[in-house]
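For reference, the structure discussed in these notes is given below.
Labels below follow one simple rule: chain letters A, B, ... track the order of the sequence lines, proteins then strands, and each chain is numbered from 1.
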Number of protein chains: 2
Amino acid sequence: MGESGKYPVVSVTTDIVVFSVFGAKLNVLLIERGREPFIGQWALPGGFIHSDEGLEDCARRELKEETGVSGIYLEQLFSFGAPERDPRGRVITVAYLALVPPDRVSPRGGSDARRAEWFGVDDLPRLAFDHHGIIATGRERLIAKLGYSTIAFQLLPQEFTLSEVQTVHEIVRGRRLDKRNFRKSILALDVLRETGRRRAEGSHRPAMLYELAHPGTVVIVR
Amino acid sequence: MGESGKYPVVSVTTDIVVFSVFGAKLNVLLIERGREPFIGQWALPGGFIHSDEGLEDCARRELKEETGVSGIYLEQLFSFGAPERDPRGRVITVAYLALVPPDRVSPRGGSDARRAEWFGVDDLPRLAFDHHGIIATGRERLIAKLGYSTIAFQLLPQEFTLSEVQTVHEIVRGRRLDKRNFRKSILALDVLRETGRRRAEGSHRPAMLYELAHPGTVVIVR
DNA sequence: GCAAAAGTGTTATCCCTACACCCATGA
DNA sequence: TCATGGGTGTAGGGATAACACTTTTGC
């Protein structure tokens, strides 16, 4: 492959759209670029693939190197390869969608990135490359998958209340939901277990805490 | 990009899973490889990306060059990049899903391919690379999308009967459907138009012919 | 006792499913 | 007239959507 012009010279990167729900918003994790092109601008975490690693391995490695985030939900999103999308030449990127619970939100910069920070998806800065479009694609995927999978629990800590589940759905989908119907439909999924413990946080009745019966798994429902 | 070892040397291909329903089967279009590796074996149509073309452009070009098929429905499927998937070195492929109506099924070989032929998806020969897995992924996508989009009409000629629509669904999903319920649900999509013409083919009542109100468009329903 | 969020059932509506017979044609 | 696929309606069951009040707690 690639020896002496036999095949077109192309580079491949992965870029990761990491979402998290906190502060009553859907947020995405960005890094400030530490090198050209677009030095100083915000961009998705990501980078060039190594010769001996798989695509998902690359995404996990870059995410950890650039933001310190690891061990989270990750799925392939889409590949972007418009010829002019990178000023350095022909770079094709395989984008990944990742979700992180709000209790694991403490990014730090590293390697190519000067720093990593969360931004509300409706309040993004100017971004490098075609990263606005990649984030939009990721957001569509997330909204769609809320409707037919248990992906939302990947945005919650290990223990959570049903109201927290509802809040995640409402923020991502952008509309209010009926409390009784929502709780019925979530419990009907049959993927939760009552922990028996309650969380008291404020001057009101404490809420029952639930956890995933099979943590880390996402299933398609319907 | 790729200048003098600055970034890993990688090649990128597209491969196309072309499905068509005819002969009471779901079929996939394969080519016989005309060069190493896997010379003489069957494989998906596809090939290396050019430096100035987009991913989908590449898929359409390779499909036309290798099989003569063009102007059909095409969507990105998934990217495959396991380090050992190609004996030539590091080759990442962006797979596409394509659908062709049965009246446009007449492939011819060309360029890298000696010949192109249709195979039933349950009766595939030994395939080059990881192409069995790519076809399986395409088949899952097709089955899933039948349920929430109007993609099935891309497997039908410009004019078709409702029975033909039903047959496509039954073959792809692998089970019989109720005629009355099926027709109701298809017409409720509100994407078809009666042509007013009928097709008489056999010693029975002729069937009304329908066409897409907006040909070539696939919409998400539900 | 008051404010604030947790928790809980019933009813009406819509959608999906199951199911059987007549119609138009060619041979 | 017979064989073949085309074409049509209804009723029951399950899922979904609308809707309001009581409970528990901290202050």
Q: Flag the pair L29(A) / E117(A) as yes when at least one side-chain heavy-atom distance between them is below 4.5 Å, and no otherwise.
A: no
Q | Residue whose nearest DNA chain C nucleotide is more 5′ - R222(B) or T161(A) | A | T161(A)
Q.
Counting primed atoms plus P, OP1 and OP2 as sugar-phosphate and everything else as base, spell out the protein contacts along nucleotides 18-27 of chain C at 4.0 Å heavy-atom distance: B, S or - for each nucleotide, 5' to 3'.
A. BBB--BBBB-
Q.
Using a 4.0 Å heavy-atom cut-off, does S163(A) contact any base of the nucleic acid, only the sugar-phosphate backbone, or nothing at all?
A. sugar-phosphate
**Q.** Side chain to side chain, I151(A) and Y73(A), heavy atoms closer than 4.5 Å
**A.** yes
(Q) Any side-chain to backbone donor/acceptor pair from R104(B) onto S70(B)? Under 3.5 Å, distance only. (A) yes
Q. Using a heavy-atom cut-off of 4.0 Å to chain A, what are the terminal contacting nucleotides of DNA chain D, in 5' to 3' order?
A. dA17(D) to dG26(D)
Q. Which value, rounded to the nearest 0.5 Å, describes the distance between I16(B) atom CD1 and E56(B) atom CD?
A. 10.5 Å
Q) Does the side-chain hydrogen bond (donor to acceptor under 3.5 Å, both in side chains) test come out yes or no for T93(B) and D15(B), once each step is laid out? A) CA-CA 7 Å; T93(B) 194; D15(B) 287 303; 2.7 Å; yes
Q: Would you mind reading off the distance between R183(B) atom CZ and dC15(C) atom P, rounded to a whole angstrom?
A: 21 Å
Side chains of residues 198-208 of chain A: which donor-acceptor partners sit under 3.5 Å, not counting sequence neighbours?
residue : atom : partner : partner atom : Å
R199(A) : NH1  : E164(A) : OE1          : 3.3
R199(A) : NH1  : E164(A) : OE2          : 2.4
H204(A) : NE2  : E201(A) : O            : 3.2

Q. Going from NE2 on H131(A) to CD on Q41(A), what distance comes out if it is rounded to the nearest 0.5 angstrom?
A. 10.5 Å
Q.
Taking the side chain as everything from C-beta on, heavy atoms only, tell me whether L77(A) gets closer than 4.5 Å to Y96(A).
A. no
